[in-house]
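In what follows, a single structure is set out as structure tokens and then discussed.
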Amino acid sequence: MFDEGPEGDSRLSKREGSVMGEGNLRSEELTFVREGDYLKGFACWPLRHERLPAVIVIHDVHGLSEHYRDIARRFASEGFFAFAADLYSREGAPRLHSPEEVREWLEKLDDRRVLGDLQAAVRFLGSRLEVRGSSIGVVGFCMGGQYALLAACRIEGLAACVSFYGMLRYNRTREQKPVSPLDAAPDLTCPFLGFFGEEDALIPISDVRELESRLTQHGKNFSIKVYRKAGHAFFNDTRPDAYRSDAAKDAWRRCVEFFHTHLG
């Protein structure tokens with residue numbers, strides 16, 4: 001469990017919304033509150049009378065781009081209330097121009113803050129009339145995949161977790177990074193599905209096998225798929241250098257089936 005602290009708050013503060021022109025889907029830019037901070041996100045869901053299972057979408061290191069809004073729309077088209085949380089609501093998305101800048105940013109980003117924000121997002125979705133509060137999952141990509149796994153090990157209220165090529169091991173731990181996803185894995189609290197690329201330069205296959213070993217040793221409900229001839233960000237169709245169509249299509253099918261199975 002991740003303790004948000006006595007001042008944690010997930011009260012609703014909703015911005016003006018707009019109905020999309022995509023059939024029976026609705027989208028809104030939403031805000032929710034945590035410890036006096038107003039946090040943002042993009043929501044999309046099908047207009048139905050019953051309560052829906054929900055999926056929190058966690059973006060990569062560059063922030064809540066149109067790519068992740070599109071992923072939220074895809075989940076909504078599959079019958080989920082999708083909420084793409086903006087982890088940079090306070091400071092805005094960083095401008096990162098090199099791998100070194102990305103690495104420095106990730107090292108400074110406080111895991112405790114991010115996990116507290118995600119806990120508040122879970123509570124916020126649980127307060128929505130459109131959402132079935134017992135059926136909330138999380139999915140993340142790259143940095144977001146790292147935080148999806150950490151969230152499934154540290155916060156309350158998640159019923160399923162999917163991680164797309166989330167980094168697993170920290171070079172060192174410290175106050176802002178108290179435990180790496182790999183070391184947190186034995187505390188997994190919900191079913192987990194992980195996708196990785198065999199040629200990912202950021203995530204050694206040895207780390208993926210170590211994750212499998214630890215989850216197996218602790219009797220966790222999980223599945224891991226490694227795609228041949230795929231590297232990091234193979235699902236990102238806005239990056240022709242990284243996108244791998246076959247792997248992306250297969251992973252999406254498995255992801256949606258996994259959430260339908262575990263969220264209903």
Side-chain angles (χ1 to χ4, degrees), residues 15 17-18 20 22 25-32 38-46 52-96 102 105-106 109 113-115 117-118 120-122 124-125 128 131 136-152 158 160-167 193-195 197 202 232-245 247-249 251-256 258-259 263:
R15 291 182 176 180
S18 62
M20 296 175 61
E22 298 180 6
L25 298 183
R26 180 181 177 90
S27 69
E28 293 185 24
E29 299 286 339
L30 302 177
T31 62
F32 59 105
Y38 284 81
L39 310 177
K40 299 177 291 185
F42 171 80
C44 189
W45 67 96
L52 303 168
V55 176
I56 297 172
V57 179
I58 312 178
H59 57 70
D60 64 21
V61 68
H62 298 288
L64 181 52
S65 65
E66 179 58 29
H67 174 59
Y68 295 102
R69 286 181 167 84
D70 180 60
I71 288 174
R73 295 184 191 102
R74 295 184 217 178
F75 276 115
S77 296
E78 297 287 351
F80 299 96
F81 186 105
F83 183 64
D86 184 356
L87 298 182
Y88 301 147
S89 295
R90 298 169 181 83
E91 66 273 85
R95 294 174 180 259
L96 305 171
V102 168
W105 175 265
L106 288 173
L109 193 59
R113 189 191 88 171
V114 172
L115 292 173
D117 290 352
L118 292 173
V122 171
F124 163 65
L125 289 184
R128 298 281 307 192
V131 173
I136 299 175
V138 64
V139 59
F141 303 80
C142 186
M143 180 193 79
Q146 166 188 305
Y147 282 121
L149 177 53
L150 280 173
L158 292 175
C161 172
V162 177
S163 173
F164 281 77
Y165 35 84
M167 285 76 75
L193 174 60
F195 296 117
L202 300 179
H232 200 70
F234 67 78
F235 189 80
N236 192 334
D237 55 8
T238 70
R239 290 185 51 186
D241 61 315
Y243 180 62
R244 298 294 180 269
S245 176
K249 290 176 181 177
W252 178 252
R253 176 185 61 80
R254 292 172 185 265
C255 174
V256 170
F258 178 84
F259 278 138
L263 302 181

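For clarity, every value in this text was computed on a predicted model and none was experimentally measured.
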Between [atom1] on residue [X] and [atom2] on residue [Y], distance to nearest 0.5 Å:
X: Ile136; Y: Leu125; atom1: CD1; atom2: CG; result: 5.0 Å
X: Cys255; Y: Leu193; atom1: SG; atom2: CG; result: 6.5 Å
X: Tyr243; Y: Phe234; atom1: OH; atom2: CZ; result: 10.5 Å
X: Ser163; Y: Phe195; atom1: OG; atom2: CZ; result: 9.5 Å
X: His232; Y: Met167; atom1: NE2; atom2: CE; result: 5.5 Å
X: Ile71; Y: Cys44; atom1: CD1; atom2: SG; result: 13.0 Å

Between Glu78 and Arg253, is the closest basic N to carboxylate O distance under 4.0 Å?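 No, this pair does not count.
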
Could you walk me through whether Phe258 and Val139 pass side-chain contact (heavy atoms from CB on, under 4.5 Å), step by step? CA-CA 11 Å; Phe258 178 84; Val139 59; over 6 Å; no

Write down the atom of [X], the atom of [Y], and the distance for their closest heavy-atom approach.
X: Tyr88; Y: Ala93; answer: CD1-CA, 3.6 Å
X: Ala82; Y: Ala76; answer: CB-N, 4.4 Å
X: Ala148; Y: Cys161; answer: O-SG, 3.3 Å
X: Leu263; Y: Ala160; answer: CD2-CB, 4.0 Å
X: Leu25; Y: Ser77; answer: CD1-OG, 3.5 Å
X: Val256; Y: Phe80; answer: O-CZ, 4.3 Å

Side chains of [X] and [Y], heavy atoms from C-beta outward: is any pair under 4.5 Å?
X: Val114; Y: Gln146; answer: no
X: Ser89; Y: Tyr38; answer: no
X: Phe141; Y: Tyr165; answer: yes

Kindly assign one of parallel, tilted or perpendicular to the pair Phe75 and Phe259, based on the angle between their ring planes and the thresholds 30° and 60°.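 Perpendicular: the ring planes of Phe75 and Phe259 meet at over 60°.
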
Would you tabulate the side-chain donor-acceptor contacts of residues 56-64 under 3.5 Å, counting partners in other chains and residues two or more places apart, or write 'none'?
{"from": "His59", "atom 1": "NE2", "to": "Leu87", "atom 2": "N", "distance (Å)": "3.1"}
{"from": "Asp60", "atom 1": "OD1", "to": "His62", "atom 2": "N", "distance (Å)": "2.9"}
{"from": "Asp60", "atom 1": "OD2", "to": "Tyr68", "atom 2": "OH", "distance (Å)": "2.9"}

Test ring-ring contact (aromatic ring centres under 6.0 Å, His included) applied to Phe83 and Trp45, Phe124, Phe42, the passing residue: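 Exactly one pass, corresponding to Phe124.
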
